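Note: hydrogens, waters and symmetry copies are ignored here, and every other heavy atom, side chains too, is used. By convention here, the first residue in the shown sequence is residue 1. Atoms within a ligand are numbered from 1 in the order they appear, just like the ligands themselves. Only a predicted model underlies this, so the values are computations on that prediction, with no experimental measurement involved.
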Amino acid sequence: MTDKSKQDRVLIFDTTLRDGEQSPGATMTHAEKMEIAGLLDDMGVDIIEAGFPIASEGDFAAVSEIAKNSRNSVICGLARAKLIDIDRCWDAVRHAAQPRIHTFIGTSPLHRAIPNLNKDEMADVIHQTVSHARNLCDNVQWSPMDATRTEEDYLCRTVEIAIKAGATTINIPDTVGYTAPAESADLIRMLLERVPGADKIIFATHCHNDLGMATANSLAAVGAGARQIECTINGLGERAGNTALEEVVMAMKVRNDIMPYATHIDTTKIMNLSRMVANVSGFAVQYNKAIVGKNAFAHESGIHQDGMLKNAETFEIMRPEDVGLSETNLVMGKHSGRAALRSKLEELGFELGDNQLKDVFVRFKELADRKKEIFSDDLIALMRDEAATGEGNHLVIKSLQVVCGTSGPQTADLVMDVDGVEKSAHATGDGPVDASFNAVKALFPHSARLQLYQVSAVTEGTDAQATVTVRMEEDGYIVSGQSADTDTVVASAKAYVAALNSLVVRRSKSGGTDRKEINYKDVS
Ligand code: KIV
Ligand code: ZN
């Protein structure tokens, strides 16, 4: 047995709240970001990239509050190569016990052309901005964006400048997911060999999954000497996403014989975080996703089941409980009490005050009356639902009656609070969902376009709750809403209303720089 305390540490840098949230439609509310940051901190993530403080007032507030509440993790904010960005970032992260500023600039020929800087001019910008960040904060990370498509000589030159200016971590992003594992390793090896001072800093790897190689590329970089992996829960992120945290962490744990690296991640917390991120982002996890997919530990075929019964190791390289999946996640039924509910919710990462618990308990009992068995997933769906469609939101559904069947038109009668005023509408539609959406639209007219309508079952059985995800677009902004109910039409209407509630928040955001106007390439 290898002594893990003697193994090289690989730092886990989670960017779910920054690169993950950048995924169109994955916008999270302030409260959701707080919950996720708390769980990441508890799980043992070394560095949490909490947001992009200059991007909006909301990002700034979230990074500041995460910094104030951090317990063990380093809290990092992103900043372009602009002094104003770096100052704003520092104002947000400075509250953390361990703050970090992460500043970046695109160094490849394609990225250099956008701000129209030649190599020397860009080298000056790097020197100036990294020195400025280092004057504010002892812990500075610098990234040459699109590093894997940057000329090697120029990459070495810029990395050397950043190290001399005080960067303590150099991150090597594969921004467009272009590289392959052998190249990823060669690049880190080359930088370690050629750049003066490279042995004094930590190299990080930041991979995107456009060709499905993000996990392999990250692990190859570690094999060559990188000691920080940048990743997100469920691989959330723009386009095909980022490296999935659960994949790299479990790969190093299960194949520790060939990847002898230690992390501080408590892997039993993985499933909870995965469910939470899927819920709040509206990006469901594909069933056959490694580690956290519904089928990752399911053995359907007779041969597999037989083998599993005789010896689980025949077809299982890790145990479900290693990632926090219990044999059955059945938690409660209609006779469960308030204390049991509180304790289960705490285990799932929800800390509730007494009044909030009272409200949630009422909804839990209503659900338990309709559904015999309540699973962890049901409770998470219930909590999300409360936040997105419960009291306190702009739109709150009071009642919905739908008539459907083989002969149309289908009709919906809706009573809804609009900004505290109760209103009602009757609408028809092409099916019960369409009729319900039309009724909502009659009470809250809008021009947002429906981009996605997706239904999935939270758990198994005909009494299972349906989770509905709705994604909408207005003037280039994408918002999503999710809701769960044992009645699919009710879940659909509530998900639609949850998306509209996000839209209202989105529209009312004032002050600060809007993230839509932030251009990664703008460094002048
Ligand atoms: O992918 C990328 O290049 C990034 C940088 C901002 C680090 O996310
Ligand atoms: Zn990225």
Side-chain angles (χ1 to χ4, degrees), residues 11-24 26 47-55 59 63 74 76-82 85-86 88-89 93 100-112 114-115 122 125-126 129-130 133 139-150 155 158-159 162 167-179 184 187-188 191 201-215 217-218 221 226 228-245 248 281 283 515 518-523:
L11 301 173
I12 298 297
F13 176 109
D14 181 277
T15 183
T16 306
L17 298 175
R18 199 278 297 168
D19 221 350
E21 208 228 2
Q22 243 162 258
S23 191
I47 305 112
I48 298 174
E49 188 163 50
F52 190 4
I54 194 117
D59 265 46
V63 178
V74 170
C76 173
L78 185 69
R80 290 168 303 177
K82 287 179 147 208
D85 274 43
I86 293 169
R88 189 81 176 138
C89 179
V93 296
R100 173 181 292 190
I101 296 175
H102 175 195
T103 181
F104 73 98
I105 194 166
T107 49
S108 66
L110 282 166
H111 283 271
R112 288 199 304 269
I114 295 164
M122 184 165 281
V125 171
I126 295 166
T129 50
V130 175
N139 190 337
V140 173
Q141 171 166 326
W142 181 72
S143 296
M145 185 164 72
D146 207 14
T148 52
R149 294 191 300 167
T150 301
L155 187 64
T158 56
V159 168
T168 44
T169 300
I170 300 288
N171 176 38
I172 301 299
D174 182 27
T175 305
V176 290
Y178 178 74
T179 207
S184 174
L187 191 58
I188 297 291
L191 288 164
I201 54 95
I202 287 185
F203 275 104
T205 174
H206 175 116
C207 299
H208 282 264
N209 203 30
D210 298 66
L211 291 172
M213 295 192 279
T215 295
N217 288 338
S218 304
Q228 175 178 304
I229 298 180
E230 307 211 350
C231 45
T232 59
I233 301 290
N234 297 342
L236 187 69
E238 271 183 289
R239 308 184 310 276
N242 289 59
T243 300
L245 179 147
V248 284
S281 67
F283 280 73
R515 186 173 261 196
I518 280 282
N519 184 347
Y520 267 172
K521 296 131 198 166
D522 173 16
V523 292

Original post:
Nearest heavy atom to atom 2 (C) of ligand 1: which of Asn171, Ile172, Thr175, Thr148 does it belong to?
Top reply: Thr175
Original post:
Taking side chain as C-beta onward, heavy atoms only, is Ile105 less than 4.5 Å from Trp142?
Top reply: yes
Could you check whether any side-chain N or O of [X] sits under 3.5 Å from a backbone N or O of [Y], counting only pairs where one atom can act as donor and the other as acceptor?
{"X": "Thr16", "Y": "Ile233", "answer": "yes"}
{"X": "Asn242", "Y": "Glu230", "answer": "no"}
{"X": "Ser143", "Y": "Phe104", "answer": "no"}

Numbering the atoms of ligand 1 from 1, which are under 4.0 Å from a heavy atom of [X]?
{"X": "His208", "result": "1 (O)"}
{"X": "Asp19", "result": "8 (O)"}
{"X": "His206", "result": "1 (O), 2 (C), 4 (C), 8 (O)"}
{"X": "Met145", "result": "3 (O)"}
{"X": "Pro173", "result": "2 (C), 3 (O)"}

Subject >> N/O/S atom of Asp19 inside 2.8 Å of the Zn ion (ligand 2), strictly under >> reply: yes
**OP:** Using distance alone, with no hydrogens and no angle criterion, decide if Ser184 and Thr179 have a side-chain donor and acceptor under 3.5 Å apart.
**Re:** no
Subject >> Gap separating the CD1 atom of Ile101 from the OG1 atom of Thr169, nearest 0.5 angstrom >> reply: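 Here the rounded value is 12.5 Å.
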Subject >> Arg18 and ligand 1 - part of the residue with a heavy-atom distance under 4.0 Å >> reply: side chain
**OP:** Of all N, O or S atoms in His206, identify the one at the shortest distance from the Zn ion (ligand 2).
**Re:**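 Result for His206 and the Zn ion (ligand 2): NE2.
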Subject >> Ionic contact status for Arg88 with Asp85, cut-off 4.0 Å >> reply: no
